[in-house]
Structure formats: C-alpha cells, structure tokens
Amino acid sequence: IHESWTDDLPLCQMCGVGTAPNCVYGPDGKGTQSHTNEDGHLGFRGEDGCFLYGVFNGYDGSRVANFASQCLTAELLLGQLNSSHTDNDINMLLWLQAFDVVEKSYFETIGDALAEKADLSNYLLPHNENQKFQERLKELEQEVSGGATAVVALILNNKLYIANVGSNRALLCKSSSDGQNQVLQIGRPHSTDNDEELQRLAALGVDSARVRQAGQIAGQSSTRRLGDYRVKFNYNEIDLLSAAKTRPVIAEPEIHGSQSLDSVTGFLLLMSEGLINALESAHGPEQANQEIVAMVAAELAQAASLEAAAQSVVDRVKRVHHDVYVSGRQRATYCSRHEDMTLLIRTLNYVLADGALTPTQGGRIYPVSVPYSNSQSTSKTSVTLSLVMPSQGTLTNGTNTASTLEEGTPTPGSQSPTATLQSTNTQTQSSSSSSGDGSLFRQRGSQAAQPDETGRVPPYVDFSQFYRLWGSDHSDGQSTQGGLGPQ
C-alpha cells in the first residue's frame, strides 16, 4: 500500500467536507457520471497552533489535484511554519516554498514521459508501425495531461491567510458582538471574465478581447493553474496564446492575509468551482454567496457533525441544480450538467446544535440576494437590501408561533425582525453584512418530541379544527363514510 508524505499528520476535527461527483442529465432528468471525481481536499492540524485546509478542482484526471494536496501539505506542515513567522514570512512561504515547489515538483514527476512524448511526435513512421506508436502517444498523453486549481487556507497565530490559484472560492462568515453578520469573499476568481486577469494577459501580448469572447483557454476558464503542460510549455501552439511573450497561464497564487480571527464566531467555507458554478447556473451569480451561507447556517443548526452538515449542503445544491433542469424554466438550459463539487466547512468558535433536532424545529432561513461581479473593479459599489429572518418565539407542535410570515413577504409591524444587508465589492473581496436580531448564526430549536408507549411521537400539526370544520360542511352524513379524521 502506497503511503503518502502526510499520512502521519493529525486531521483537523474542526472541519467537515462534503462532495458530489459530476453529472450529465439525460432528457428524462436522470443523471450519469461522465468521469471519476477529480476534486481533492485537505484538512490538517500542525504544530504550534497551525492549521491547513485546501480544496482542489482537478480536470483531465485527478493526478495534479492529488499531487498538489500532498506536496503542499508536506511543504508547509512538516516543521516549516512556526508562531514566530511574520506576515511577510508566511506570504513568501506560501508562494516560494509551497505553490512554486508544487508546480516544479509535479513537472519533474512527468519529465520523462514528456520527453518520450516529444521524441515520438517527431518520428515519421511507416504505416504498418504507426498504430503502435499512436497508441503509445495516447498513453503518454493520458499520463501527462491534466491540471488543477486550488484555494488554500492557513491559520497560524489565530490569523487567516488565503492563497488562491484559479476559480475556486473562499468565504469568511462571521457574527460580531454588535449583532452584525458579515460574509466576506476573500480573493477574486482568476478567470477569462476577470478584468484584471485580462489586463495581465494583454500586457504579455495576448488578445484579451478574444480570450473574453472564447470564455476558455485550452478547455478551462481559469487563467491560473497548477500543472497543465499544454499551457505552460506549449502555449505558442495554442491559437489564443500564440502571441504571448512569456508564459501567460501561471501558477502564482494571489495571497490574502492576515485576517485576525480573535473573538470571531462563524465559519470559513472553501468551495470548488464545480459547486459555485452549479448554484450560479441554477439561480444566477447574484445570490450565490448568500445562498451557500444560508444553507450552511441552516444545516449547522441541526446537524450532528460538520461532515454531515457539509454533505447536506452539497446535496442541497445538487438537488437545486437538478430541479431547475427538469423544471424547464428559463435557466434550465444552463443546468444540463455539473462538474465535481466539494465544500469544506471550518468552524470558528461555533458550537454545533443538538443533532437530534427535527427539521421543523430549525426555523427557516431566508436567502439574501447580494450582487456579485466576477470582474472586480477598484471602485466600491454598495446596495442596501432587506433580510427577513424567522423570529425566535416559542414552539407549539413544532410551529413557530411568533411568526406567520410567508417567505419573501415582510409585513410591517410583524414580530419577525428585519435586518439591513450591506454589500460591498472591492478589488480583493466582496462582503455583505446584516444587522439586527436575525443572526444567521443563532442556534435555534428545542428538544425533540419524545415517543409515547406505542413508539409514536405527537403530531407537529393539530388537525382537530380541520376535522370539525370539514364535518360541519358535510353534515349530510357522508363525512363519516370515508373514515376521515380520528375514530
């Protein structure tokens, strides 16, 4: 059995991961998996109060994602980091000793195969030998192809550092002591619709307008990647990149830190591109961040474990995506397939609720639409919205008696608190905050109903009034013939 470099490192018990494989829907709505799951993730606890987390979105195979998750961990958690390091030290370690080493080390592992592939490609072979060489070339191509994007979170000295390569996403969700709830997107996607990335490519001689129109470079939307020899060594053979003066698709991470976690209560989310795209395809990009946060908060309020909460959120996104496809609605055309999905949740001073709570006791989470643009600008834009949260009244038969609001219908004078949400997009992060009593992080519910001697639990809804009204409207006696109501 092959042992990795990181087998002896302790796993972090404060994080949970949910995953779902890729899926292509048929005309009948049934899904089939088109390839093996190519995503990867990590969550380790190092020495000296150090924690490392990562989500990797692999493509054309899982080789790069698997290699990066192991090598990155080995480069950071085997004694390299300690509490005496400054922010500058950590930024240098993340880039030079982590991502740069991962990139170079990976290409060393496939160096011999790349060399053999180059030699075979230069041969002019007789027809009777051509098939054998073509088969070998195909084998080599499978061995060397593929890449990955990555979002990595490092916590050291209770400070958060985020390193991003590609189009995965990191969200920091925190509830402050003054009642503010804040959702902070850390970093920007390195994709073909990001203005700053297009400017970087244009400075290298690439026609950025063509790149934006194409939406992809060699089959992927990301402009920064790990691995993928085609865009690293053979980019002059790719039409879109042929005019580049130097290597246009790079593995250099964008590093954000440090973000102090002192007195922070909430959670950190790392999401693969497949999860983000599935939700944005179904509901549009404007509310994706808030929808994910609302789902996570709802699941944490009732889940027995972080792993269960993360998996439930991924399952919900998968179900939303599928339901939009089979509905035939306007966005159904965007939802014919989705890629592998991965969600990592890391709690921050957050106490999980009792896993025995029933779903009806958890109240309702009302998602908030927050404008978000992939192409960040240097100017700040803000919008004020309303967030209606369920009020925290007492529970009777599993029903919240203090609130009669229907979703999305705030009523003046209602007991449900209304919160104001402020959304801000900046060059490096987009954030939204809500104030008031409607905390996304509040623990809700009471003890679940206990079964009686027959093993049944009391009903959540009392139908006695319904039976009385139905009976009075059918007083001709027919009402009793069907046995309606309790006998």
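The figures that follow rest on heavy atoms only: side chains count, while hydrogens, waters and symmetry mates do not.
With salt bridges taken as basic N to acidic carboxylate O contacts below 4.0 Å, none links Lys138 and Glu141. Salt bridge absent: Arg230 and Glu237 never bring a charged side-chain N and a carboxylate O closer than 4.0 Å. Note on Glu254 versus Arg224: no salt bridge recorded, every NZ/NE/NH1/NH2 to OD/OE distance being 4.0 Å or above. With respect to the salt-bridge test (charged N to carboxylate O, under 4.0 angstrom), the residues Lys318 and Asp315 do not qualify. Contact check on Asp262 versus Lys159 returns no salt bridge, with no Lys/Arg side-chain nitrogen under 4.0 Å from an Asp/Glu carboxylate oxygen. Taking the charged nitrogens against the carboxylate oxygens, Asp323 and Arg319 have no contact shorter than 4.0 Å, which rules out a salt bridge.
At least one side-chain heavy atom of Cys50 sits under 4.5 Å from a side-chain heavy atom of Leu154. Inter-residue side-chain proximity for Arg346 and Phe51 is flagged as met; some heavy-atom pair is nearer than 4.5 Å. In this structure, the side chains of Ser222 and Ser167 come closer than 4.5 Å at one or more pairs of heavy atoms. Using a 4.5 Å cut-off on side-chain heavy atoms (C-beta onward), His322 and Val326 make contact. Under the 4.5 Å side-chain criterion, counting only non-hydrogen atoms from C-beta, Cys71 is not in contact with Tyr106. At a threshold of 4.5 Å between non-hydrogen side-chain atoms, the residues Thr109 and Arg63 count as touching. The side-chain heavy atoms of Thr265 and Leu348, taken from C-beta on, include no pair separated by under 4.5 Å. Residues Phe107 and Phe233 form a side-chain contact, since some pair of their non-hydrogen atoms from C-beta on lies under 4.5 Å apart.
There is a side-chain donor-acceptor pair under 3.5 Å between Tyr161 and Asp87. With 3.5 Å as the limit, one finds a donor-acceptor pair spanning the side chains of Thr86 and Asp89. Looking at Asn236 and Ser242, their side chains never bring a donor and an acceptor atom within 3.5 Å of each other. Checking Ser83 against Asp48 by side-chain atom types alone, a donor-acceptor pair falls below 3.5 Å. No donor-acceptor contact under 3.5 angstrom links the side chains of Glu273 and Asn168, judged on distance only.
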From CA spacing to verdict: side chain to side chain contact (heavy atoms under 4.5 Å, CB included), Leu275, Thr342 = CA-CA 6 Å; Leu275 181 74; Thr342 302; over 6 Å; no
Carefully, step by step, assess Leu268 and Ile345 under the rule side chain to side chain contact (heavy atoms under 4.5 Å, CB included).
-> CA-CA 6 Å; Leu268 172 71; Ile345 304 174; over 6 Å; no
Worked verdict on Ile238 versus Val231 for side chain to side chain contact (heavy atoms under 4.5 Å, CB included) = CA-CA 8 Å; Ile238 299 173; Val231 297; 3.8 Å; yes
Pair Leu160-Leu172, side chain to side chain contact (heavy atoms under 4.5 Å, CB included): steps then yes or no | CA-CA 10 Å; Leu160 173 66; Leu172 177 61; 4.3 Å; yes
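Glu75 places no side-chain N or O within donor-acceptor distance of the main-chain N or O of Val102, the cut-off being under 3.5 Å. Although no hydrogens or angles enter the test, the distance criterion places a donor-acceptor pair under 3.5 Å between the side chain of Arg331 and the main chain of Glu280. For Arg225 (side chain) and Gln220 (main-chain N/O), a donor-acceptor pair under 3.5 Å exists by modelled atom type. In terms of modelled atom types and a separation under 3.5 Å, the side chain of Glu307 and the main chain of Gly16 share no donor-acceptor contact. A distance-only check finds no donor-acceptor pair linking the side chain of Glu197 to the backbone of His190 [under 3.5 Å]. In terms of modelled atom types and a separation under 3.5 Å, the side chain of Asp340 and the main chain of Asn37 share no donor-acceptor contact. At least one donor-acceptor pair under 3.5 Å links the side chain of Ser327 to the backbone N or O of Arg329. Formation of a donor-acceptor pair under 3.5 Å by the Ser62 side chain with backbone atoms of Ala65 is not found in this model. With hydrogens and angles ignored, the 3.5 Å screen pairs a side-chain donor or acceptor of Asn164 with a backbone N or O of Arg188.
To the nearest 0.5 Å, atoms CD (Gln287) and CG (Asn289) are separated by 10.5 Å. Atom CD1 of Ile155 is separated from atom CG of Leu81 by 13.0 Å, given to the nearest 0.5 angstrom. One distance of note links CG of Leu343 with CE of Met271; it measures 7.0 Å at 0.5 Å rounding. To the nearest 0.5 Å, the span separating CD on Gln185 from CD1 on Ile162 amounts to 11.0 Å. Note that OG of Ser260 and CG of Asn157 are 10.5 Å apart. Values are rounded to the nearest 0.5 Å. From Ser221, atom OG reaches atom CG of Asn277 across 6.5 Å, with rounding to the nearest 0.5 Å.
Between Tyr25 and Tyr325, the ring-plane angle classifies as parallel under the 30° and 60° cut-offs.
Contact detail for Pro189 and Asn194: the closest heavy-atom pair is O-ND2, 3.3 Å. Listed here is the closest heavy atom pair of His35 and Asn22: O-ND2, 2.8 Å. In plain terms, the two heavy atoms of Phe56 and Ala150 that are nearest each other are CD2-CB, 3.4 Å. The two atoms that bring Gly146 and Val64 nearest to each other are O-CG2, 3.6 Å, heavy atoms only. In terms of heavy atoms, Ser69 sits closest to Leu42 at O-CD2, 3.4 Å. Nearest approach of Leu241 to Tyr235, heavy atoms of both residues: CB-O, 3.5 Å.
Paired with Phe99 under the rule side-chain contact (heavy atoms from CB on, under 4.5 Å), one option of Ile250, Val152, Ile255 passes, and it is Val152. Checked against Val151 for a side-chain contact (heavy atoms from CB on, under 4.5 Å), the options Leu269, Val165, Asn57, Leu270 give a single hit: Leu270. Residue Arg212 is tested with Asp193, Asp195, Thr192 for a side chain to side chain donor-acceptor pair (under 3.5 Å); the sole match is Asp195.
Other residues, nucleotides and ligands contribute at most 12 non-hydrogen atoms within 6.0 Å of the CZ atom of Arg45. Atom CD of Glu47 has 12 or fewer neighbouring heavy atoms from other residues, nucleotides or ligands inside a 6.0 Å radius.
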